[in-house]
Amino acid sequence: MKAPVLLVILAAALAAQDGATGADWPHYGGTHRAWRYSALGEINASNVRRLAPVWVFQTGDPDGGLQSTPIVLDGVMYVSSSHNRVFALDAATGRELWRYVYPLPRDYMTFYGPWNRGVGVGHGRVFMGTIENHVVALDQKTGRELWRVNVEDAQQCGCNITAAPQVVNNKVIVGVTGGDSAHRGYITAFDVRTGRQAWRFWTIPGPGEKGHETWSGDSWKWGGGSTWMTGSYDPELNLIYWSVGNPAADFFGGSRTGDNLYTDSVVALDPATGKLRWHYQQVPHDVWDFDTAYENVLLDVAVQRRPRKLLVNVNKGGMTFVVDRTNGEFVSAWPIVKHLNWITGVSETGQLVGRNEPEVGKTKFLCPSIGGGRSWNQAAFSPRTGWFYTTAIEWCQDVTSRAEKPREGQPFFGGVFLAKDPPGEPAHSHLDAYDPVSGRKHWSYRSKYPLLASVLATAGDLVFSGDPEGFFFALDAKTGSKLWSFQTGSGHRGSAVTYSVNGRQYIATPSGWGSAVAGLLPQVWPESQGFRGGSSLFVFALPEGERR
Amino acid sequence: MIAFLVLMAQTPPAADAARGARIFAESCAVGYCHGSGGSVGRAPRLAGRGFDRANLVKVVRDGIAGTGMPGFAGRLAGADLTAVVNYVMKLSGGAAPPPPPDALPSSAVNLLEEGPPAVRRGRDLFFEAARGVRCGTCHALEGRGIPVGPNPGAARAITAAGIRRIKSPNVKTASTPDGDRFPALLVERNNVLVRVYDLTVAPPVLRSFAPAETSTGDGAGWSHQAFIGGYTDPELEAVAAYLRWLAAR
């Protein structure tokens with residue numbers, strides 16, 4: 001690996017607390033800046049050992065685990081489960097206020113899992129994307145359905161919606177899965193009140209549009225480019241930032257020669273019109289399934305004494321790209337995994353160096369696995385330490401590429417893979433603290449099994465996450481030492497949040513093992529087939545008599 | 001010698017084995033499903049499972065309701081289904097004898113490839129994903145599309161001009177107390193709930209109201225012609241040829 005671009009960071013975070021949450025957890029990533037950081041500090045490094053459960057909620061549907069990020073507003077929590085059920089709960093007691101059960105046909109079958117990663121709340125409505133590719137709007141007070149729109153026929157497109165919608169101004173903005181199907185991806189915005197489509201941004205430009213020339217032949221029609229996580233938003237710049245996934249077929253690029261814009265790119269769009277303002281492509285002509293689909297963390301940091309408005313994005317290939325979010329200019333790139341051989345490095349201008357591509361008819365050993373140098377579970381940023389906290393997985397795979405023709409809406413991988421241990425050591429995982437721009441590592445917490453839950457950082461100088469064996473834990477944000485853990489009975493694949501009701505701070509975490517990547521683990525860790533499923537929400541607080 | 005001949009007759013030819021391996025890689029091993037060689041993924045391990053052939057055929061053909069396992073009848077042609085079943089039987093332990101050639105229904109073909117070229121062109125246009133709004137946005141045929149509007153499958157004499165002229169007497173104007181008026185297709189009205197499709201823009205929005213929250217009146221400034229504006233006349237002729245072919249079948 002080439003040394004990361006040398007950058008001097010004089011001040012950690014200039015940013016005040018504008019990326020921090022307070023009493024509420026209003027958006028998927030905490031705030032629109034996606035820090036997953038709370039300014040609440042009642043629970044802190046000195047008292048976290050006394051943290052105790054105060055209520056538990058069972059969704060009753062363990063299929064696919066519980067992958068949600070709860071939203072909390074004014075003492076009410078909104079959480080979605082598999083099969084698109086939504087529950088509104090009293091956030092202090094866990095009492096159910098209402099529930100919504102999406103009317104799925106009994107015999108519904110899908111290639112994709114039944115999970116859902118969260119709702120969006122705004123304008124008195126709760127919004128959810130569904131496994132049948134609908135967007136649903138519910139009355140926030142009663143859970144009554146107000147409108148529902150079928151974005152595209154799920155059986156035809158081989159796509160659906162699992163990510164939380166993004167609510168910006170009077171629009172609800174959703175992405176789509178389907179990047180491993182023969183499908184053309186997009187981002188779509190709907191009017192929050194009526195459900196009428198406001199705009200669509202195709203992630204693959206059509207004939208006559210700029211960027212169309214980066215696709216050979218008809219490949220643009222079937223080229224993937226899904227948008228399967230939730231975007232971020234900068235109100236001052238009035239831009240939304242979405243990440244676009246891999247081109248299809250995943251491992252075979254012979255029928256889609258060119259850079260394949262805007263796959264593996266971050267796109268900045270005008271939220272009112274969906275018009276593209278800039279893009280930054282991390283992996284031109286991806287042939288590894290190394291999506292740039294994850295969260296976009298918006299930081300204001302000084303780089304070489306100059307205050308910069310930055311966007312930090314970790315991709316599936318185990319590389320972090322930092323760009324200027326005003327214009328998409330490259331700032332730096334750094335790896336989060338040790339075992340990475342699909343490139344030898346990234347140049348000082350952001351170009352991939354030493355591409356190591358799959359070859360048709362051959363089996364090649366490539367790192368990381370397509371399960372990801374990190375999965376979609378998200379990082380956190382603390383303005384108190386100025387550090388970026390992310391999980392990572394050290395694993396590799398044998399990839400056999402195959403020439404393949406697209407069949408609309410059907411799987412379009414162009415090859416097969418089998419996960420493997422990395423050279424010289426068993427596959428494992430870690431959670432690390434980094435300088436967000438230079439990638440300098442401050443501490444590392446090792447885990448035997450892949451850490452597949454998001455990270456939560458708090459002003460109590462704590463970092464929370466959970467592991468596949470069911471332990472939910474708190475680390476010291478400054479040292480990485482484990483301060484507390486609690487066994488929730490099932491593995492962690494969701495996103496913990498924190499909030500307060502009447503001044504008392506709560507930590508809430510989904511518990512429930514499942515998901516596509518979890519399904520790959522037995523290829524390397526056979527015993528993981530026995531990891532118990534579940535779907536519950538655990539909420540913790542300091543015991544009433546022991547606060548302060 | 002006789003036993004040897006019987007074995008030869010029952011062993012799938014090499015071409016069948018190669019086809020089975022290809023189908024498995026494209027449709028079964030993929031991504032997060034059964035894994036390379038049926039090793040395991042989110043979907044179960046298949047290698048070494050010792051499957052019962054008749055049951056395997058049923059599962060591959062019909063899928064398993066309520067799970068991620070789809071039915072492949074209609075997605076794969078009969079010979080492909082047979083080849084992939086043979087391949088999975090081999091992965092699963094390989095002891096069971098291969099089937100008689102008619103074990104899978106000959107009707108298990110890829111529906112999307114049926115019909116003469118002009119019909120296939122019409123079908124492609126009807127469902128053409130790249131154009132965003134297409135016929136299939138509001139109409140379902142052959143198991144694809146979204147059934148908002150009426151099924152157009154009975155149009156034995158339809159032409160492009162006819163498609164443009166289609167009247168929509170069922171589209172009414174809905175009004176809400178806050179002054180919103182929109183073209184609406186009534187789905188359901190009872191004592192507690194009114195549900196209509198809002199046809200202002202595509203895709204249609206299924207909106208729910210309390211009965212007091214909306215009223216519907218006759219007539220609407222809505223036309224089928226405006227919704228299908230993205231199609232040229234020659235394209236609509238091809239769509240009409242597809243509809244006539246379906247109606248006559």
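Note that the structure is predicted; figures quoted are calculated from it, not measured. Quick note: numbers below take in every heavy atom, side chains included, and nothing from hydrogens, waters or symmetry partners. Numbered from 1 within each chain, the chains take letters A, B, ... in sequence-line order.
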K.L.:
Can you tell me which portion of B:D62 sits under 4.5 Å from chain A's heavy atoms? Options are side chain, backbone, both or neither.
P.N.:
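Contact with chain A: backbone only.
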K.L.:
Side chain, backbone, both or neither: which part of B:R195 has an atom under 4.5 Å from a heavy atom of chain A?
P.N.:
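It is the side chain, since no backbone atom gets that close.
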K.L.:
With a 4.5 angstrom heavy-atom cut-off, could you sort out which part of B:A202 is near chain A: side chain, backbone, both or neither?
P.N.:
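B:A202 touches chain A through backbone heavy atoms alone.
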K.L.:
Do you know which of B:R134, B:M69, B:R45 has the most heavy-atom pairs with chain A at a distance under 4.5 angstrom?
P.N.:
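If we count pairs closer than 4.5 Å to chain A, B:R134 comes out on top.
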K.L.:
How far does CG of A:D180 sit from OH of B:Y32, to the nearest 0.5 angstrom?
P.N.:
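So the CG of A:D180 and the OH of B:Y32 are separated by 6.0 Å.
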K.L.:
Rounded at 0.5 Å granularity, tell me how far CD1 in B:I146 sits from CD in A:E132.
P.N.:
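Between B:I146 CD1 and A:E132 CD, I get 10.0 Å after rounding to 0.5 Å.
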K.L.:
For the CZ atom of B:F209 and the CZ atom of A:R144, what is their distance to the nearest 0.5 Å?
P.N.:
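Between atom CZ of B:F209 and atom CZ of A:R144 there are 9.0 Å.
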K.L.:
Where do A:P411 and B:V30 come nearest, in terms of heavy atoms and distance?
P.N.:
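In this case the closest contact between A:P411 and B:V30 is CB-CG1, 3.8 Å.
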K.L.:
Just wondering, do A:T400 and B:S36 contact through their side chains at under 4.5 Å, heavy atoms?
P.N.:
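When only atoms from C-beta onward are counted, A:T400 and B:S36 do not touch, as no gap falls below 4.5 Å.
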K.L.:
If you measure from OG1 on A:T194 to CZ on B:R207, what distance do you get to the nearest 0.5 Å?
P.N.:
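Here the interatomic distance stands at 5.5 Å.
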K.L.:
Heavy atoms only, distances under 4.5 angstrom: which of B:I64, B:T137, B:V148, B:T176 has the most pairs with chain A? Name it, please.
P.N.:
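It is B:I64.
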K.L.:
Between the main-chain N or O of B:F127 and the side-chain N or O of A:Q156, is there a donor-acceptor pair closer than 3.5 Å?
P.N.:
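Checked: pair present.
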K.L.:
Do the non-hydrogen side-chain atoms of A:N150 and B:P203 ever get within less than 4.5 Å of each other?
P.N.:
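They are not in side-chain contact.
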K.L.:
Is chain B contacted by the side chain of A:V135, its backbone, both, or neither, given a heavy-atom distance below 4.5 Å?
P.N.:
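Contact with chain B is absent: no heavy atom of A:V135 under 4.5 Å.
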K.L.:
Quick check: closest heavy atoms across A:G113 and B:R42, and the distance to 0.1 Å?
P.N.:
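Heavy-atom minimum between the residues: CA-NH2, 3.9 Å.
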K.L.:
Is it the side chain or the backbone of A:A516 that comes within 4.5 Å of chain B heavy atoms, both, or neither?
P.N.:
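Both backbone and side chain of A:A516 come within 4.5 Å of chain B.
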K.L.:
Chain B heavy atoms under 4.5 Å from A:R402: which part of the residue, side chain, backbone, both or neither?
P.N.:
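Contact with chain B: side chain only.
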K.L.:
To check you understand the geometry: which heavy-atom pair defines the closest contact between A:Q197 and B:V201, and what is its length?
P.N.:
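For A:Q197 and B:V201, the tightest heavy-atom pair comes out as N-CG2, 3.7 Å.
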K.L.:
In terms of heavy-atom contacts, does CZ of B:R131 have more than 12 from other residues, nucleotides or ligands at under 6.0 Å?
P.N.:
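Yes.
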K.L.:
Please classify the contact between A:D289 and chain B as side chain, backbone, both or neither, with a heavy-atom cut-off of under 4.5 Å.
P.N.:
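It is the side chain, since no backbone atom gets that close.
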K.L.:
Flag the pair B:D198 and A:R193 as a salt bridge only when some basic side-chain nitrogen lies within less than 4.0 angstrom of an acidic carboxylate oxygen.
P.N.:
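Salt bridge absent between B:D198 and A:R193.
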K.L.:
Return the minimal non-hydrogen interatomic distance between A:Q523 and B:S39, and the atom names on each side.
P.N.:
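Closest approach of A:Q523 to B:S39, heavy atoms only: NE2-OG, 3.8 Å.
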K.L.:
Taking only Lys NZ, Arg NE, NH1 and NH2, and the carboxylate oxygens of Asp or Glu, determine whether A:E408 and B:R75 approach each other closer than 4.0 Å.
P.N.:
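The answer is no: the pair does not qualify as a salt bridge.
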K.L.:
So for A:Q529, is it side chain, backbone, both, or neither that comes closer than 4.5 Å to the heavy atoms of chain B?
P.N.:
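The side chain, not the backbone.
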K.L.:
By a 4.5 Å heavy-atom criterion (distance strictly below it), what part of A:W222 contacts chain B: side chain, backbone, both, or neither?
P.N.:
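It is neither, since no heavy atom gets under 4.5 Å.
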K.L.:
With a 4.0 Å cut-off on N to O distance, would you call A:D153 and B:R144 a salt bridge?
P.N.:
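Not counted as a salt bridge, because no side-chain N and carboxylate O are separated by less than 4.0 Å.
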K.L.:
With a 4.5 Å cut-off on side-chain heavy atoms, are A:K405 and B:E26 touching?
P.N.:
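No, their side chains stay 4.5 Å or more apart.
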K.L.:
Taking side chain as everything from C-beta outward and backbone as N, CA, C, O, which of these in A:D398 sits under 4.5 Å from a heavy atom of chain B? Side chain, backbone, both or neither.
P.N.:
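No part of it gets close to chain B.
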K.L.:
If you round to the nearest 0.5 Å, how far is OG of B:S27 from CZ of A:F413?
P.N.:
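Taking CZ in A:F413 and OG in B:S27, the distance rounds to 11.5 Å.
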K.L.:
Verify the distance criterion only: is there a donor paired with an acceptor across the side chains of B:S208 and A:R148 at less than 3.5 Å?
P.N.:
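Absent: no donor and acceptor within the cut-off.
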K.L.:
Shorter than 4.5 Å, heavy atoms on both sides: which option in B:A25, B:A140, B:A29 has the most such pairs with chain A?
P.N.:
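Looking at each of B:A25, B:A140, B:A29 in turn, B:A25 comes out on top.
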K.L.:
Of the backbone (N, CA, C, O) and the side chain (C-beta and beyond), which part of A:Q155 lies under 4.5 Å from a heavy atom of chain B, both, or neither?
P.N.:
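Only the side chain of A:Q155 comes within 4.5 Å of chain B.
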